[in-house]
Q: 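Would you mind keeping the following structure in view while I ask a few things?
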Amino acid sequence: MSKFRNLLIGAAIVAPLAAPAYAEGFGLGREALPEEIAAWNLDVSPDGTGLPVGSGSVEDGEYLFSDKCAVCHGEFAEGVDNWPKLAGGEDTLARKDPIKTVGSYWPYLSTVWDYAHRSMPFGDAQSLTVDETYAITAYIIYSNNLVDDDFVLSNENFLEVEMPNADGFIIDDRAETEYPNFTNRCMENCKENVEITMRAAVLDVTPEEEGAEEAAAETPAETEVAAAEEAAPAAEAPAAEAAPAAAAALNPALVAAGETVFKKCKACHQVGPDAKNKVGPVLNGLIGRSIASVDGFKYSPAMKAKADEGFVWTEETVAAYLKDPKGYIPKNKMSFAGLKKDEDIAAVIAYIESNAQ
């Protein structure tokens, strides 16, 4: 009984002390300090609200992007494996398979800056300084051919950058126009079985037969390699006949080494019988070719100016260009920093020459 009496006394003492706190709320914690709110209030709006003072150049952004972003997004923002592509996709939004990148799809540059500053790099979010974020953002828009290579992005000129798809979005009015049509639900005599009446284009969504799931699991690269291997026997003989004598005299080991080095180039360039223009032009028959002469490729003004001078690609000029692309032909669009080793340059030239036709 004495224990119960003590509990009642304790409750009577505590109740008056706790009453004021409960009257105002739960009585937990405290109001956040202004500096604590500022630490979390990092969002940047399309109109520039929230954008901090700072700046960063394309040149600095290239090195930062290579160090902090390229492992997922590629050296040229072209994407690695299934990680997002940040560049390219120009004029693809009307296609069946659009390529949605910063340049082709994103309407606001503020989204790029805001997301990079708050959420990137992956696994080390919010480690970028304000100026580093400006520089990386500048490099991304440069990779989409939206600014020149000497551009410096800052809070002062941020809103001057024109995003190609800025007018490509409409206000979402589905709550008023569509949702009311979906309120009726089947409550009785509902359909017992669901039948697939149409199939998606992607194989791994609705496989048609046993074994299709395995086929769908193949990556596009594996499929392309398999197709190339099947087509190789038929293509080898004509290609060999057409190959010039110079290509036949190339060192096979050097060509093989060049094929490995060329992996640094293949995100933008292709060589071989089925080569097509990508971010950069095809390189078949490069040695001895006039600069800016590939049909159907849109060259930069810098390359066109060199063409007007009568510039021709030789082993020497290609080697100098690969060593320092921006230094050798200033203001060209190639963002690759260059090959530092002479042996790598010689190898990749040999590989390109082996695909002369």
Side-chain angles (χ1 to χ4, degrees), residues 62 66 70-71 74-76 78 80-81 219-297 299 303 306-307 309-329 332-357:
E62 179 177 1
S66 178
V71 65
E75 291 288 346
F76 313 109
E78 78 279 7
V80 175
D81 297 328
T219 64
E222 291 170 340
T223 305
E224 291 172 6
V225 170
E229 290 176 347
E230 291 178 4
E236 283 177 359
E241 293 174 5
L250 292 171
N251 183 337
L254 190 62
V255 172
E259 185 175 7
T260 299
V261 178
F262 191 79
K263 291 179 181 179
K264 298 181 179 181
C265 316
K266 65 189 301 183
C268 299
H269 296 281
Q270 290 188 350
V271 292
D274 300 320
K276 297 179 181 179
N277 293 329
K278 297 180 65 181
V279 177
V282 297
L283 299 182
N284 294 350
L286 176 65
I287 306 302
R289 185 173 81 196
S290 297
I291 195 172
S293 60
V294 174
D295 291 338
F297 185 78
Y299 287 95
M303 290 297 195
K306 296 295 287 186
E309 298 173 7
F311 185 95
V312 175
W313 290 118
T314 65
E315 290 189 4
E316 291 73 20
T317 57
V318 171
Y321 182 68
L322 291 177
K323 189 81 171 180
D324 183 12
K326 291 296 184 185
Y328 192 65
I329 303 180
N332 78 86
K333 290 183 179 180
M334 184 162 156
S335 57
F336 182 55
L339 296 172
K340 305 308 177 188
K341 297 180 180 179
D342 292 338
E343 54 267 32
D344 286 347
I345 294 174
V348 79
I349 290 175
Y351 176 67
I352 293 172
E353 285 191 272
S354 70
N355 291 275
Q357 296 299 321

Q: Of all the heavy-atom pairs spanning Val282 and Lys276, show the shortest one and how long it is.
A: CG1-C, 3.1 Å
Q: Under a 4.5 Å cut-off applied to non-hydrogen side-chain atoms, are Glu75 and Glu62 in contact?
A: no
Q: Between Glu78 (side chain) and Phe76 (backbone), is there a donor-acceptor pair under 3.5 Å?
A: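 Here the side-chain-to-backbone pair exists.
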Q: Does Lys323 form a side-chain contact (heavy atoms from CB on, under 4.5 Å) with Leu339? I'd like the steps, not just the answer.
A: CA-CA 5 Å; Lys323 189 81 171 180; Leu339 296 172; over 6 Å; no
Q: For Ala275 and Asn284, which heavy atoms make the closest approach, and how far apart are they?
A: CB-ND2, 3.8 Å
Q: Grab the two heavy atoms, one from Val255 and one from Ser354, that are nearest each other, plus how far apart they are.
A: CG1-OG, 3.7 Å
Q: Measure across Ala346 and Leu254 and return the closest heavy-atom pair with its distance rounded to 0.1 Å.
A: O-CD2, 4.1 Å
Q: Keeping Thr314 on the side-chain end and Thr317 on the backbone end, is there a donor-acceptor pair under 3.5 Å?
A: yes
Q: Would you indicate whether the side-chain heavy atoms of Glu353 and Leu250 approach each other to under 4.5 Å?
A: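 In contact.
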Q: Between atom CG of Asn355 and atom CD of Gln270, what is the distance when rounded to the nearest 0.5 Å?
A: 11.0 Å
Q: More than 12 foreign heavy atoms under 6.0 Å from CG of Asp324: is that the case here?
A: yes
Q: Shortest non-hydrogen contact from Gly296 to Asn277?
A: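 Gly296 and Asn277 have their closest heavy atoms at C-ND2, 3.9 Å.
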Q: In terms of ring plane angle, is the pair Tyr328 and Phe311 parallel, tilted or perpendicular, where the classes change at 30° and 60°?
A: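 Ring orientation, 0 to 90° scale: perpendicular.
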Q: Tell me, with the steps shown, if Ile291 and Glu309 meet side-chain contact (heavy atoms from CB on, under 4.5 Å).
A: CA-CA 10 Å; Ile291 195 172; Glu309 298 173 7; over 6 Å; no
Q: With a 4.5 Å heavy-atom cut-off, do Val261 and Tyr351 have their side chains touching?
A: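 Val261 does not reach Tyr351 side chain to side chain.
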Q: Within the supplied structure, the quantity of interest is the number of heavy atoms (other residues, nucleotides, ligands) at a distance under 6.0 Å from Lys263 NZ; does it exceed 12?
A: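 Counting other residues, nucleotides and ligands, NZ of Lys263 stays at 12 neighbours or fewer.
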Q: Search all heavy atoms of Ile352 against all heavy atoms of Leu283 and return the closest pair with its distance.
A: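 Closest pair (atom of Ile352, atom of Leu283, distance): CG2-O, 3.5 Å.
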Q: Examine the side chains of Tyr299 and Asn332 and answer whether a donor and an acceptor come within less than 3.5 Å of each other.
A: no
Q: Calculate, to the nearest 0.5 Å, the distance between atoms CD1 and CH2 belonging to Ile349 and Trp313 respectively.
A: 10.0 Å
Q: Is there a side-chain contact between Val318 and Ile287 (heavy atoms, below 4.5 Å)?
A: yes
Q: Apply side-chain contact (heavy atoms from CB on, under 4.5 Å) to the pair Met303 and Ile329, showing each step before the final yes or no.
A: CA-CA 8 Å; Met303 290 297 195; Ile329 303 180; 4.0 Å; yes
Q: Is the shortest side-chain heavy-atom distance between Val294 and Arg289 below 4.5 Å?
A: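 In short, these two side chains touch, coming nearer than 4.5 Å.
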